[in-house]
A.B. asks: 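First, the structure itself, so that you have it in front of you.
Below, chains carry the letters A, B, ... as their sequence lines are ordered, and counting in each starts from 1.
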Amino acid sequence: MTAHSSKPPEPLLSVAGAEVRYGTSRAFSNCSFHILPGEMVSLIGPSGCGKTSLLYAIAGLLKPAGGTIQLQGGGNACSLMFQQDRLLPWKTLLDNVLLGLDSSRRDEAASLLETFGLGSHAGRYPHKLSGGERQRGALARSVIRRPRLLLLDEPFSSLDEQTRESLQDEIKGYIMKHHTAMFLVTHSISEAVFMGSRILVMTSDGILRQRENPCHSRENLRELDEFYRLEKILRSDLSGIPGRVQ
Amino acid sequence: MNYLKGTAAVVLLWYLLAALVSAPIVPFPHRAAARLAVSLTGEASYLHMLFSLYRMAGGMVLALLLGIPVGMLAGRLRSLDQVISPVLYLLYPVPKIAFLPVFMVLLGIGDVSKIALIASIIFFPIAVSIKDGVREISLEYAELASAFHLTPREMIRDILFPGVLPRIFTSLRITLGISLSVLFISENYAASYGLGYAVMNHWIMADYTGMYAFIILLSTLGFGLYLLIDLLERVCLPWKS
């Protein structure tokens, strides 16, 4: 036995037997999984299976009715990007990014907007921006908080295909560069495969299955045979579950 | 340009009415305008206007100072709303001018009672409108505020107040007309300055041309306040334009 035996990394997020209820109706139950630091995990499942509720429970917006959700560093360690950008219409893009932050971080916010190609839009109001630009702004607002875990709630669903793919590339690149962990909720199988190094399949009874994505970090992923193979496998995983998945 | 067209239409109608009636009670507009020009050479008309403006502005500011916190609290705290809303809805439709004697007895016959009366008219629509606005905003942005760990102060400063600001301007605009009417009535009691007093004083003295000159001044005050509200709205809500 060597003195430097490598210890498996501690999970950043541990979800064990979690359950969320809205009054008497159950959103999901018996949900267990973990996310390691820097890991990119996608979650797919049919409409109404409780994906967004799970995400909100991790973000602390919903209180689990049962089980445990443990996030290293507490609520401040994660940052949520909503399905709609939810930029405040009365604030400029720069001020939206700075929401709840000290104004001393103005330069940092401006430089982040520059990174996302929005440098010239910093002083504009959200209604003057395109859907893709607004989502990039919402992403900047989430990542400026330097979260250890970035929670994404179908952030590409309202975008056209071209914008969606370019934003996926951008977000993935940024997350990988900064070694941030990601938990993406999506309806789209191809999106889940493109973004996640591990893909979880969820039903309202918990995590049904998980699949590793060995080609996650390879170039031109969307053109690889492995991409379509994994997409096919996931489609077959979901085929027995009632509900809509793209 | 639209304002000019509107003014031209009103003047035209006035000329027609004056020609039809053909009596001193409806003088021709150019006579009233000439009389106004003469009045403006003396300081009395400016004093009348300043007193009216002071009472209107005082009433508006007082209504905002009271209406904004009451509306915000009722919108945010359901338990408090259960007490505030029934009071608001009971008192809202009551004609406030009926309380002029009460205000005069309680607050004196000076400016305070007149300002309080105007404030009581503007207060209700502002409070109700802010309450409804806060409730709508809460649904939309409460999750955002929680997700980004905003403090209650940041929630008010960054989300609630700017969110209800358009409603505040709309309420001010809606209540301006009725506030001017109440100002007019209140200035006819225990007042020696104010446009309402000036109009009625000229009427009592059967100086109808002078009366119309001050009606023009009262309309100008109302119009000026509308323009001021529009201007403030453009400055405070640049994202709306």
A.B. asks: Is B:Leu165 close to chain A through its backbone or its side chain, or both, or neither, when contacts mean heavy atoms under 4.5 Å?
C.D. replies: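 Answer is neither: B:Leu165 stays 4.5 Å or more from chain A.
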
A.B. asks: Would you call B:Glu233-B:Lys240 a salt bridge at under 4.0 Å N-O?
C.D. replies: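 No salt bridge links B:Glu233 with B:Lys240.
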
A.B. asks: Does B:Lys96 make a cation-pi contact with B:Phe124, if we ask for NZ or CZ under 6.0 Å from the ring centre and within 45° of the axis?
C.D. replies: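 Yes; both conditions hold, so B:Lys96 lies above the ring face of B:Phe124.
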
A.B. asks: Report which part of A:Leu87 has an atom under 4.5 Å of a heavy atom belonging to chain B: side chain, backbone, both, or neither.
C.D. replies: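 Answer is backbone: N, CA, C or O of A:Leu87 sit under 4.5 Å from chain B.
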
A.B. asks: Do the side chain of B:Lys114 and the main chain of B:Tyr189 share a donor and acceptor less than 3.5 angstrom apart?
C.D. replies: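 Yes.
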
A.B. asks: Please answer whether the main-chain N or O of A:Met40 pairs with a side-chain N or O of A:Ser197 as donor and acceptor at a distance below 3.5 Å.
C.D. replies: yes

A.B. asks: When only heavy atoms count and the cut-off is under 4.5 Å, which of residues 135-151 of chain A reach chain B?
C.D. replies: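 The list, in residue order, reads A:Arg141, A:Ser142, A:Arg145.
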
A.B. asks: Heavy-atom cut-off 4.5 Å, strictly under: side chain, backbone, both or neither for A:Asn76 against chain B?
C.D. replies: both

A.B. asks: Decide, yes or no, whether a salt bridge links B:Asp81 with B:Arg135 under the criterion of side-chain N to carboxylate O below 4.0 Å.
C.D. replies: yes

A.B. asks: Counting only heavy atoms not in A:Tyr174, do more than 12 sit closer than 6.0 Å to its OH atom?
C.D. replies: yes

A.B. asks: Determine yes or no for a side-chain-to-main-chain donor-acceptor pair under 3.5 angstrom, with A:Arg134 supplying the side chain and A:Asp85 the backbone.
C.D. replies: no

A.B. asks: Side-chain contact, heavy-atom cut-off 4.5 Å: A:Ile69 with A:Pro64?
C.D. replies: yes

A.B. asks: Tell me if a side-chain donor or acceptor on B:Glu187 pairs with a main-chain N or O of B:Gly196 at a distance below 3.5 Å.
C.D. replies: yes

A.B. asks: Any carboxylate oxygen within less than 4.0 angstrom of a Lys/Arg side-chain nitrogen, looking at A:Arg21 and A:Glu19?
C.D. replies: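 Yes, A:Arg21 and A:Glu19 are salt-bridged.
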
A.B. asks: A:Pro126, A:Ser79, A:Pro89: which one forms the most heavy-atom pairs within less than 4.5 Å of chain B?
C.D. replies: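 Of the candidates given, the most pairs with chain B belong to A:Pro89.
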
A.B. asks: When the aromatic ring centroids of B:Tyr197 and B:Phe51 are compared, is their separation below 6.0 Å?
C.D. replies: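 No, they do not, as the ring centres are separated by 6.0 Å or more.
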
A.B. asks: Strictly less than 4.5 Å between heavy atoms, which residues of residues 53-61 of chain A line up against chain B? Please order them by number.
C.D. replies: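 Answer by number: A:Tyr56, A:Leu61.
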
